[in-house]
Amino acid sequence: MIVEQNINIETIRKEYPILQQKVNGRPLVYFDNAATSQKPLVVINSIKNYYNEINSNVHRGVHHLSQKATDAYEAARTAAQAFINAKSAVEINFTKGTTESINLVAHSFGNKFIKENDEIIISTLEHHSNIVPWQILCENTGAKLKIIPINDAGELDMEAFENLLTEKTKLVSVVYISNSLGTINPAKTIIEKAHSVGAKVLLDAAQAAPHTPIDVQTLDCDFLALSAHKMCGPTGFGILYGKETLLEQMLPYQAGGEMIKEVTFEKTTYNTLPFKFEAGTPDIAGGIAFKAAIDYLNEIGWDFIEQQEKELLNYGTQRLEEIDGLKIVGTAKNKASVISFLLDNHHPYDVGVILDQLGIAIRTGHHCCQPLMNRLNIEGTCRASFAFYNTKEEIDTLVDGILRAKRMLG
Ligand code: PLP
């Protein structure tokens, strides 16, 4: 089993040219996957092929290239629909990524449905992109922002969440998997409880999409946001899933070409879904590469991805716990392959710089989660985040690197 898996991992790693390089004279160990994953050749080549062979604007031309580009771009929508099991392809809106998707909901749903004294609930675990849009909306509308607290392990306090829910709650917007601590939130329970008071739910699935299969119909979430670049796809591309009935009622987000049906100086009517939310020429190459990434992940298969990442998480946790003076931050029972840690009382940045000299890429800092760091009473953490193409040998290299950092920092 292990031998077979090693063979598979080696074959998989060969598909990533970037992983073959040396950094500071040592083989690169890439453990910053939560920030962005690496891209396999099929994804890289799909971008090259698009520009070499079918570059053309979409949805507009009758000519051969435009039709080819449109077909390839729209195939990404169908692939994304299947990837998250959406009922209809019109529920898939292409965006620049999770941040834009959340801003779209804050603008187009928020400004239509959220009024003074309404309440929006988020959690202590949120990334800034799932905090600031709601703060702005609350400032503009007079609505109130409420925060689900966490326990010291980094798990949501579900009892406190239930107590926050009232008939004033219009929206609950929570992260599915925490980028800082790896906590996997009980998304289905959150959605059921929010729906019981009539609130809508947005799931920030930026970190869920690379680690776990997503089924929006089973979850019954109203909105879901994800970014292609965290799941082996290109940067600057992602989706907003929304239930069709809700999207129909929402205001347009940006205005311009593509999102209109008819324009006169007196009145403009808007295009049907999903184009209503897709003004301007989109990132066509990005969409095509996103499909390549989805196809690639489907080919690798969730069984393999989940099993491999679970082994890496367990092995990494066990090995890091052996290091004297190392404290793991975020010890939720249900965790994805993300390990945040502190080493003695050294600044995470100092640890990160020494590891970088050894060719090991980790993330240091607040991970765009300053309120979470405040709650934990720390400035930031070191974060090693694993993808299915990482290996236990790389974790051993990380452990050696941390021991070296410990000696150097004294
Ligand atoms: N939400 C979470 C949980 C994230 O980890 C990130 C990125 O790190 C984002 C949102 C923002 O994603 P993007 O920068 O791709 O828009």
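Note that ligands are numbered from 1 as they come in the structure, with each ligand's atoms numbered from 1 the same way.
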*Closest approach of any protein heavy atom to atom 16 (O) of ligand 1, naming residue and atom*: Thr99 OG1, 2.5 Å
_Considering Glu126, His367, Lys230 one by one, which has a heavy atom nearer to atom 7 (C) of ligand 1 than any of the others?_
Lys230
*asked:* Less than 6.0 angstrom separating the ring centers of Phe290 and Phe237, yes or no?
replied: yes
*Of all the atoms in ligand 1, which lie at a distance below 4.0 Å from a heavy atom belonging to Asn179?*
3 (C), 5 (O)
*Considering the heavy atoms of Ser227, write down every atom of ligand 1 situated less than 4.0 Å from one of them.*
12 (O), 13 (P), 15 (O), 16 (O)
_Tell me whether Arg383 is salt-bridged to Asp32, with the criterion being a basic N under 4.0 Å from an acidic carboxylate O._
yes
*asked:* Under 4.0 Å from a heavy atom of Val175: which atoms of ligand 1 are those, numbered in the order shown and with their elements?
replied: 3 (C)
*Any idea which part of Lys96 is under 4.0 Å from ligand 1, heavy-atom wise: side chain, backbone, both or neither?*
neither
*Could you find the nearest protein heavy atom to atom 4 (C) of ligand 1 and give me its residue, atom name and distance?*
His127 CD2, 3.4 Å
_Electrostatic pair Lys327-Asp344, nearest N-O below 4.0 angstrom_ = no
*Which residue holds the protein heavy atom closest to atom 10 (C) of ligand 1, what is that atom called, and what is the gap in Å?*
Ser129 OG, 3.1 Å
*Tell me, which protein residue and heavy-atom name are nearest atom 3 (C) of ligand 1, and how many Å apart are they?*
Asp204 OD2, 3.5 Å
*Less than 4.0 Å between a side-chain N and a carboxylate O, is that true for Glu258 and Arg60?*
yes
*Return yes if a side-chain donor-acceptor contact under 3.5 Å exists between Ser173 and Asn130, otherwise no.*
yes
_So for atom CG, which belongs to Asp303, do other residues, nucleotides or ligands contribute more than 12 heavy atoms lying within a distance under 6.0 Å?_
no
_Residue and atom name of the nearest protein heavy atom (relative to atom 5 (O) of ligand 1), distance in Å to one decimal_ = Gln207 NE2, 2.7 Å
*Side chains of Thr189 and Glu192: donor-acceptor distance under 3.5 Å anywhere?*
no
